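See below for the structure under consideration.
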Amino acid sequence: MEILKWRVLPLLSLLVSFLFFYIKTSSKSSTSDCSLLPYDDYWISSKRIVTPNGIISGAVEVKGGNIVSIVETEDLNEKFGSARVIDYGEAIVMPGLIDVHAHLDEPGRAEWEGFSSGTKAAAAGGITTLIDMPLNSHPSTISEETLRLKIEAAEDKLYVDVGFWGGLVPENAFNTSALEGLLNAGVLGLKSFMCPSGINDFPMTNSSHIKEGLHVLAKYKRPLLVHAEIQVDTESHRELQDGIGDARSYSTYLRTRPPSWEEAAVRELLTVTKDTRTGWPAEGAHLHIVHLSDARYSLDLIKEAKSNGDSLTVETCPHYLAFSAEEIQDGDTRFKCAPPIRDENNKEKLWEALMEGHIDMLSSDHSPTIPELKLFNEGDFLRAWGGISSLQFVLPVTWSYGKKYGMSLDQLASLWSERPAKLAGLEFKGAVATGNHADIVVWEPDAEFELDENHATYHKHPSISAYMGRRLSGRVLATFVRGNLVYSEGKHATTACGVPILAK
Ligand SMILES: NC(=O)N[C@H]1NC(=O)NC1=O
Ligand SMILES: [Zn+2]
Ligand SMILES: [Zn+2]
């Protein structure tokens with residue numbers, strides 16, 4: 001009996017250690033759940049690959065999450081033989097979209113959106129990286145500690161890569177060590193408002209706060225993003241405060257935020273951006289104006305400042321390019337956003353500026369809420385939450401409307417990937433190029449679909465999106481994030497393997 005015990009025990013311990021090793025390695029290999037492909041060394045081929053050197057027919061080699069080579073070839077079979085090739089035929093292979101302006105609202109307001117639903121929607125829409133705004137979550141991301149809360153809340157929930165903007169608010173603007181703490185913790189830059197943000201713990205800044213912020217940012221070579229509207233006390237504004245005007249009519253809301261608000265903000269900002277010119281005190285800093293709506297005087301001022309050498313960029317959003325004020329129905333608060341969607345003529349001018357290169361990039365400004373706060377029953381434009389839900393649809397929307405204005409695939413890739421990557425300082429993203437992350441969207445530009453309730457939409461509240469009911473063209477087939485096939489034909493990878501992007 002004793003002998004048996006001495007024989008069995010070592011065998012048993014061998015078995016236990018074997019089992020332990022097996023479980024450990026197999027749980028490690030379960031990272032393949034990050035991808036709908038069972039391998040990480042393969043080729044993506046197509047007749048239309050959008051690269052910085054033009055559109056080619058060929059294949060992209062992916063290894064260990066990176067693009068390791070790109071070849072132009074007519075006969076793929078001959079070249080690759082039995083290599084693992086995913087052939088997408090005529091579909092477009094393009095850099096994944098980088099959305100530099102999205103509100104995912106977690107922690108604190110996960111019932112509005114959240115990291116999981118938001119990044120699933122992003123993946124389904126061909127977005128491979130998004131940068132989360134510092135407000136609408138609770139608390140706002142305005143300190144090192146609150147950034148940590150963001151990162152904790154995002155853990156295991158990211159289907160795409162996510163970076164974070166920090167908030168520049170009066171509380172931290174003159175506190176250099178607090179701002180540096182936030183920047184050292186890894187925010188990719190700062191964001192501030194020149195008017196009330198709609199969120200109590202995210203108060204507005206004036207130009208002295210902005211000037212201070214820019215000087216700190218100069219050292220880090222990271223940008224300041226600004227919501228450029230200043231409340232100018234116009235006559236119609238006073239009228240509205242006196243309760244005149246039908247709150248269900250979009251034109252009433254439009255009068256509360258005239259283009260002069262944007263113009264006043266831009267004018268004031270440009271007194272500060274002078275400092276970013278070469279040889280001036282804030283050289284190295286950069287100012288980025290978010291969601292421009294006014295295509296008239298505000299845009300003229302921006303063009304002039306750029307030509308004077310200010311380090312300045314500007315974005316607009318698909319909703320300003322897709323919709324015009326005239327078509328917004330009474331009470332349809334899905335369309336309420338700030339700055340507001342302006343008239344048809346302004347929209348045409350925005351397109352002109354975009355196509356001529358005066359607007360540098362596009363972003364979603366996906367800013368959802370719970371349907372209750374859109375006040376659909378009252379249809380009150382003055383009291384409803386301002387923010388458009390669009391994250392999953394920005395690629396088909398940009399394409400559907402853009403192709404009428406002659407937008408090319410190169411322009412699309414520049415507006416949605418290359419320039420946003422540069423703004424956010426993402427060195428290895430933004431282009432299908434050797435050495436970059438394999439962040440790729442594959443899509444069919446001519447495939448049309450009806451955006452109705454049968455369309456699989458991953459936003460937490462699809463019904464509040466202004467795009468519902470539209471017919472769009474441009475269907476996303478597949479999305480790769482660092483080589484992981486995170487979305488394909490209506491399915492997501494089972495594990496969320498996106499990573500937080502922190503500046504160093
Ligand atoms: N707080 C917030 O998300 N505001 C955004 N919504 C919107 O329509 N414009 C904004 O700046
Ligand atoms: Zn804004
Ligand atoms: Zn926003």
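FYI, the numbering just counts along the sequence from 1. Scope of the values below: all heavy atoms of this structure, side chains included, with no hydrogens, waters or symmetry mates. Note that the structure is a prediction, hence the values are computed from the model and not measured. Read the numbers this way: they start at 1 and go in the same order the structure lists the ligands and their atoms.
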Numbering the atoms of ligand 1 from 1, which are under 4.0 Å from a heavy atom of [X]?
| X | result |
| --- | --- |
| C337 | 8 (O) |
| H291 | 11 (O) |
| D365 | 7 (C), 9 (N), 10 (C) |
| S197 | 1 (N) |
| L135 | 1 (N) |

How far is atom 6 (N) of ligand 1 from its nearest protein heavy atom, and which residue and atom name does that atom have?
G386 O, 2.9 Å
Using a distance-only test with no angle check, is there a side-chain donor-acceptor pair under 3.5 angstrom linking T398 and W416?
yes
Neighbour count above 12 (heavy atom, 6.0 Å) for [X] [atom1]:
| X | atom1 | answer |
| --- | --- | --- |
| R267 | CZ | no |
| E448 | CD | yes |
| F376 | CZ | yes |
| K306 | NZ | yes |
| E348 | CD | yes |
| H138 | NE2 | no |

Using the benzene-type ring in the case of Trp, are the ring centres of F323 and F335 under 6.0 Å apart?
yes
Using a 4.0 Å heavy-atom cut-off, say whether [X] meets ligand 1 through its side chain, its backbone, both or neither.
| X | answer |
| --- | --- |
| V290 | neither |
| M133 | neither |
| H227 | side chain |
| W385 | side chain |
| F193 | side chain |
| I388 | neither |

Point-to-point distance, once rounded to the nearest 0.5 Å, from [atom1] of [X] to [atom2] of [Y]:
| X | Y | atom1 | atom2 | result |
| --- | --- | --- | --- | --- |
| I440 | T479 | CD1 | OG1 | 10.5 Å |
| I230 | L269 | CD1 | CG | 7.0 Å |
| I98 | L423 | CD1 | CG | 10.0 Å |

Residue and atom names of protein N/O/S atoms that fall under 2.8 Å from the Zn ion (ligand 3):
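The answer is H101 NE2, H103 NE2, D365 OD1.
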Tell me which one of A338, A102, C195 gets a heavy atom nearest to atom 10 (C) of ligand 1.
A338
Over 60° means perpendicular and under 30° means parallel, so tell me whether H291 and H101 are parallel, tilted or perpendicular.
tilted
